[in-house]
Structures are given as structure tokens and as C-alpha cells.
Amino acid sequence: MQTTTLSYSNLHNHGELFANVFRARKQSFIIQKNWDLPQTDDMEFDQYDTPMSRWVAIHDLGRVYAGVRLTPSTARCGMYSYMIKDAQAGLLGGSIPADLLYADAPVDAGTWEASRLFVDHNTPQSQRRRVHKHLVQEMSASARALGATRLVALVAATWPRWLTPTGLDAQAIGREMWIDDGYFQCISINLAAKLH
């Protein structure tokens, strides 16, 4: 199993991997979860998939097992910044409640957002823990390499169950809320201790 962090500047070195991440996202979010998201050519995407973002992929022999998108909190593309901040500002049409955070969404060079986190539903249960561990490790390493000292994310409210065993320092920064098909919550992951 391989871990790769993709960017617009290196995607040409990885064949179909970039497109396969978006195909796997469609499978996870549109087909499995039935979320109403943009799609084309069998791929899911949105306004945050810009050259400012990075995409972490866990893959093997062309198959994508898991992935996550990293976007700087300082990103700007037209009227959009990053998903959590834009939801708080009411720019996402109410699909995510505006009161998702206890405080204002952070905007600083050391904070990045992790979004579109998924593990492919066809990943055998016997491998899911290992795939998830690789994803969290690569996500953290990539974010640190980009200068992040903190990640913010909107994740399933079950996050303590799957994140705590990874050893990351995470805490809730917003209330639990029902979105589409489950309870979600914003969290902050402190990467500063991992920099040394």
C-alpha cells in the first residue's frame, strides 16, 4: 500500500491517481452516502479543489483505498475560502449549519482544513484500521510539511473512536449537528507537538 500527496504541480507524475481520487470520492459521497454534490466524468469535485489544495491518497495498484483534501485556511478563490469558514459565513446554502463552530473560523498560515476524508466502503474490515492509520499519518505529515501547526475538520461525531487511537491531539471546536445522514462535529487537531 502506498501513500501519496498530490498537488497540481506533481499530479502529472502519478498517472490516473488524481482522477481516481475523485472517482473514489464520488463512490463514497455521492453513491454510498447519497450526498447532492457536483460530479462529472464519474468524478466528484467542488469549489475547493483548486491549486491551493493538496490531496492525500492511500492506494495500491491503481485502487484508491482512502483520501483526504488539505486546504489552507488562507485560501481565496473568488468568493470562497475553505469549507468550514464558508459554511459559517452562510455561503453554502444552508447545507451545513452556520453555527458549526464555537468561535470564528480561523484564518492563519498555520491552520489548514482537512475535508472530504473517506475510506472506500469496499476496503475489507480486516484492512480498514491499517488504511485509516496510513491516511491519518500521511495527512499529518503532509500538513506539517506544508507548514501547518493545526488542522480543522468537519467529521463524523464518532471521531474520538477512530482518531484517539492514532495518538493525535484533537478536540471539539463546535457542537454535534445532524447533516444529511449522520451527526458531525468540527474538530481541531494540534500538529505543533509533532513538528519536533
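Values reported hereafter were calculated over all heavy atoms of this structure, with side chains retained and with hydrogens, waters and symmetry mates removed.
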- Query: Between the main-chain N or O of Val136 and the side-chain N or O of Ser140, is there a donor-acceptor pair closer than 3.5 Å?
  - Reply: yes
- Query: Looking only at atom types and distance, does a side-chain atom of Gln185 sit under 3.5 Å from a main-chain N or O of Gly174, one as donor and one as acceptor?
  - Reply: yes
- Go through the structure and list residues passing salt bridge (charged side-chain N to carboxylate O under 4.0 Å, His left out) with Asp108, not counting sequence neighbours. none
- Task: Over 60° means perpendicular and under 30° means parallel, so classify the ring planes of Phe29 and Trp35, tilted if in between.
- Result: parallel
- Would a distance-only check, ignoring hydrogens and angles, find a side-chain to backbone donor-acceptor pair under 3.5 Å from Asn190 to Ala192? yes
- Query: Counting only N and O atoms by type, is there a donor-acceptor contact under 3.5 Å from the side chain of Asp181 to the main-chain atoms of Asn34?
  - Reply: no
- Message: Is it the case that the side chain of Glu138 and the backbone of Ile58 share a donor-acceptor pair, with hydrogens and angles ignored and the cut-off at 3.5 Å?
- Response: no
- Give a yes or no on whether Leu151 and Val68 share a hydrophobic cluster (residues Ile, Leu, Val, Met, Phe, Trp, Tyr; joining criterion: side-chain heavy atoms under 4.5 Å apart). yes
- Run the salt-bridge test on Asp49 and Arg116 with the 4.0 Å N-O cut-off and return the result as yes or no. no
- Ignoring hydrogens and angles, tell me if any N or O in the side chain of Gln88 forms a donor-acceptor pair with the backbone of Ala105 under 3.5 Å. yes
- Side chains of Arg69 and Ser115, donor plus acceptor under 3.5 Å: yes
- Message: Is the ring pair Tyr183/Trp178 parallel, tilted or perpendicular, if the boundaries are 30 and 60 degrees?
- Response: perpendicular
- Task: State whether the side chain of Arg128 and the backbone N or O of Asp120 hold a donor-acceptor pair below 3.5 Å, judged by distance alone.
- Result: yes
- Message: Would a single hydrophobic cluster contain both Leu154 and Trp112, if residues Ile, Leu, Val, Met, Phe, Trp and Tyr are joined by side-chain heavy-atom contacts under 4.5 Å?
- Response: no
- Task: Inspect the surroundings of CG in Asn13 and state if more than 12 heavy atoms from other residues, nucleotides or ligands are less than 6.0 Å away.
- Result: yes
- Tell me whether Leu117 is reachable from Val152 by hopping between hydrophobic residues (I, L, V, M, F, W, Y) whose side-chain heavy atoms are closer than 4.5 Å. no
- Task: For Thr3 and His134, indicate whether the former's side chain and the latter's backbone hold a donor-acceptor pair under 3.5 Å.
- Result: no
- Query: Is Thr5 reaching over with its side chain to a backbone N or O of Ser142, donor-acceptor style, under 3.5 angstrom?
  - Reply: no
